[in-house]
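Throughout, protein chains are lettered first and strands after them, A, B, ... in sequence-line order, and every chain is numbered starting at 1.
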Number of protein chains: 2
Amino acid sequence: MYSQLKNIDIFKPLTNEALERLAAVSRQVEHPKGTILIHADKTEPYFYILENGIARAYSDGENQQITFWFGQNGAVLFSFNSYINNGPGYENIELLEHCSLIQIKLTDLFLLYDQHLEIANWGRKIAEQELIATERRLIDRAFKGAAERYQDFVDQSPELIKRVALKHIASYLGVTQVTLSRIRATHK
Amino acid sequence: MYSQLKNIDIFKPLTNEALERLAAVSRQVEHPKGTILIHADKTEPYFYILENGIARAYSDGENQQITFWFGQNGAVLFSFNSYINNGPGYENIELLEHCSLIQIKLTDLFLLYDQHLEIANWGRKIAEQELIATERRLIDRAFKGAAERYQDFVDQSPELIKRVALKHIASYLGVTQVTLSRIRATHK
DNA sequence: ATTATTTTTTAACATTTGTAAAATGTTGCC
DNA sequence: GGCAACATTTTACAAATGTTAAAAAATAAT
C-alpha cells in the first residue's frame with residue numbers, strides 16, 4: 001500500500017513516516033461505471049482518493065439533477081457533510097467510468113488528525129485547496145458569461161469534455177443543456 | 001489578550017493552552033468604516049477575526065463590483081490566496097462599519113500550525129466550515145430562483161439586511177440591483 | 001434647514017436563458 | 001443490420017433578468 005500511495009500527487013508532500021501511517025489505514029478498491037459511491041442523506045463513512053477514472057457529484061432537485069463537481073486522477077472524494085459535520089450530506093457521487101480508488105475510513109482518518117501533526121496539516125491543506133477552487137467558481141459565475149465559462153472549461157479540462165456527457169457539463173456550468181447546445185453551435 | 005479571545009465563539013473549542021499560544025501572537029485593532037483591510041493583487045500578511053462590526057469581500061470587474069462574502073461577529077477574514085498559497089489574492093475586504101478585530105500575522109499563525117496539533121486542527125476546521133458554506137451557496141444558485149435566495153438571506157441574515165446597502169446584497173445574491181428592487185416590490 | 005450626494009426604485013426596452021417538444025445523432029445489444 | 005435506449009441539437013415560444021435612463025427617496029454634509 002505504501003509504495004502505491006507514493007505515486008499519487010496528493011500524498012507527495014508527506015514524509016515517509018506520515019505516509020506509512022496513512023497507508024496503514026488505506027485500502028485499494030475498484031468499482032464499475034455507474035456506481036453511486038456516496039449517497040445523499042446518508043452519513044458516509046469513507047473518504048476516497050481517485051486513482052483512476054472520473055466521477056461527478058450531484059444533487060437531486062424537483063425535476064432536475066445538478067452536477068457541481070467533477071473529479072479526476074488524484075482528486076479527493078467524500079461526502080462534505082459527513083466529513084465535516086459527521087452528518088448526512090446533500091450530494092451523490094457517481095463514478096462515470098470504471099474507477100480505482102484509495103479508501104480510508106473516516107474514523108481512522110480523524111484519529112490520525114488528532115494524533116499526527118503533519119497529517120492534520122495535510123488535511124487542512126486539502127480543505128483549503130477545495131475552498132479556493134469553489135470560491136473561484138462562485139466568482140466566475142458572476143463575472144463571466146455562460147459562453148466564456150464553457151470555453152474555460154474546454155481549455156482547463158480537455159479530458160472531461162471528451163469523456164463526460166454534455167448534460168452533466170451543462171449543469172456544472174450553470175446552464176441548461178439547450179443553452180449549452182446553443183453556445184456550442186455559435187462558438188466554433 | 002487571552003481573556004479577550006476566550007469570549008469569541010471561534011476560539012471556544014480550544015484548550016486554555018492552545019488559546020494562550022494564539023493570544024501570544026494576537027493583537028486587537030480597530031478601523032473605521034470604509035477601511036479596505038485586504039487589497040486585491042497584494043499578498044496580505046494578516047489574518048483577522050471580526051469581533052465587532054460587519055465587512056464585505058468583493059472583486060472588481062470591468063464595470064462592476066461583485067460582493068461575494070459578508071462577515072459579522074466571529075467571522076474569519078483574510079485574503080484567501082495569501083493565506084492558502086502565499087500569493088496575491090483577488091478580493092478586497094472593506095469594513096462596512098467601524099470594526100474591532102483580532103489581528104494575527106500569517107507567519108505567526110503558520111508557525112503555530114507547524115508546531116501545535118490542536119491549532120492545526122483548529123485551522124483545518126476553519127477551512128472546512130468555509131468550504132461547506134461556499135459550496136452550499138454554489139448549489140443554492142442552481143436550485144433556487146433569485147426571489148427565494150433573497151428570502152433566505154432575509155431569514156438567515158436579518159442583521160445584514162438592516163445594515164448593508166442593497167446594491168451589495170444584490171451582487172451577493174447574483175442579480176442586478178434592478179432585479180433585486182423588482183423582487184422586493186413583488187414579495188411584500 | 002437646505003443642499004448635495006448617494007441609494008433605491010421605477011419604467012421601457014433588449015437580451016439572455018428557460019421550457020417543451022420534435023428531430024437528429026449515437027451507442028450498445030440481439 | 002436493425003432496433004431500442006439514450007444523448008444532443010434544433011425550433012418556437014415564454015419567462016426571467018439585464019441595460020439604460022430617469023425619477024423618487026434616503027442619507028450625509030455644510
Side-chain angles (χ1 to χ4, degrees), chain A residues 32-36 54 56 58-68 70 94-98 138-154 160-188, chain B residues 32-36 54 56 58 60-68 70 94-98 138-154 157 160-188:
Chain A
K33 171 176 174 171
T35 303
I36 308 293
I54 54 179
R56 70 174 180 120
Y58 66 95
S59 270
D60 283 309
E62 304 260 319
N63 39 18
Q64 49 179 346
Q65 211 177 60
I66 302 290
T67 297
F68 55 86
F70 290 113
E94 175 191 4
L95 305 185
L96 297 174
E97 300 179 347
H98 181 98
L138 193 64
I139 295 174
D140 277 357
R141 288 272 176 104
F143 282 113
K144 296 177 178 175
E148 192 179 353
R149 294 204 301 277
Y150 171 69
Q151 192 54 56
D152 287 352
F153 187 85
V154 171
L160 293 179
I161 280 286
K162 274 183 252 164
R163 290 150 71 183
V164 175
L166 284 172
K167 63 178 176 183
H168 296 147
I169 293 172
S171 75
Y172 178 84
L173 294 174
V175 295
T176 61
Q177 195 179 357
V178 175
T179 298
L180 181 56
S181 261
R182 284 193 275 239
I183 289 168
R184 284 160 57 83
T186 313
H187 294 77
K188 69 169 156 203
Chain B
K33 171 176 175 171
T35 303
I36 307 293
I54 53 181
R56 71 175 180 119
Y58 67 95
D60 283 308
E62 303 261 319
N63 38 19
Q64 50 178 346
Q65 212 177 59
I66 302 289
T67 296
F68 54 86
F70 290 113
E94 175 192 5
L95 304 185
L96 298 174
E97 300 178 347
H98 180 98
L138 193 64
I139 295 174
D140 277 358
R141 287 273 177 103
F143 282 114
K144 296 177 177 175
E148 192 178 353
R149 295 205 301 277
Y150 171 68
Q151 192 54 54
D152 288 351
F153 187 85
V154 171
S157 308
L160 293 179
I161 280 286
K162 275 183 252 166
R163 289 149 71 183
V164 175
L166 286 170
K167 63 178 175 182
H168 296 146
I169 293 173
S171 75
Y172 178 84
L173 293 174
V175 295
T176 60
Q177 195 180 356
V178 175
T179 298
L180 181 56
S181 261
R182 284 194 275 238
I183 289 169
R184 285 160 56 85
T186 313
H187 294 76
K188 71 168 152 202

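- Considering only side-chain atoms of B:L166, the nucleotide from C:dT9, C:dG18, D:dT8 that sits closest is C:dT9.
- Within residues 170-180 of chain A, the residues having any heavy atom closer than 4.0 Å to DNA chain D are, in order of number, A:Q177, A:V178.
- What separates CD1 of A:I161 from P of D:dT8 is a distance of 11 Å, to the nearest Å.
- Remark: P of C:dT16 and NZ of A:K144 are 19 Å apart, rounded to the nearest angstrom.
- Take the nearest nucleotide of DNA chain D for B:K33 and for A:V164: the residue whose nucleotide is more 5' is A:V164.
- With B:Y172 as the partner, the ring-ring contact (aromatic ring centres under 6.0 Å, His included) test is satisfied by one option alone out of B:F70, B:Y58, B:F68, B:Y150: B:F70.
- Counting heavy atoms from C-beta on, the side chains of B:I139 and A:I66 never come closer than 4.5 Å.
- A 4.5 Å side-chain heavy-atom check between A:S181 and A:V178 finds every atom pair outside the cut-off.
- B:E148 has its CD atom 12 Å from the P atom of D:dT17, to the nearest Å.
- Taking atom CZ of B:R182 as the reference point, atom C1' of C:dT8 lies 13 Å away to the nearest angstrom.
- Closest to the side chain of B:K167, out of D:dA7, D:dT19, C:dT7, is C:dT7.
- A distance of 8.0 Å separates CG of A:L95 from CD1 of A:I36, quoted to the nearest 0.5 Å.
- If you measure from atom CD of B:Q64 to atom C1' of D:dT19, you get 12 Å, rounded to the nearest angstrom.
- Between the CZ atom of B:R184 and the P atom of D:dA26 there is a distance of 11 Å, given to the nearest Å.
- In this structure, A:H168 places its NE2 atom 13 Å from C1' of D:dT8, rounding to the nearest Å.
- Under the 4.5 Å side-chain criterion, counting only non-hydrogen atoms from C-beta, B:R182 is in contact with B:T179.
- One interatomic measurement links the two molecules: CD1 of A:I183 to P of C:dT15, which rounds to 18 Å at whole-angstrom precision.
- Between the NZ atom of A:K144 and the CG atom of A:L173 there is a distance of 11.5 Å, given to the nearest 0.5 Å.
- For B:A185, counting side-chain heavy atoms from C-beta on, the closest listed nucleotide (D:dG18, D:dT10, C:dT10) is C:dT10.
- When each of A:H168, A:R56, A:K167, A:E94 is checked for a side-chain hydrogen bond (donor to acceptor under 3.5 Å, both in side chains) with A:T67, only A:R56 meets the rule.
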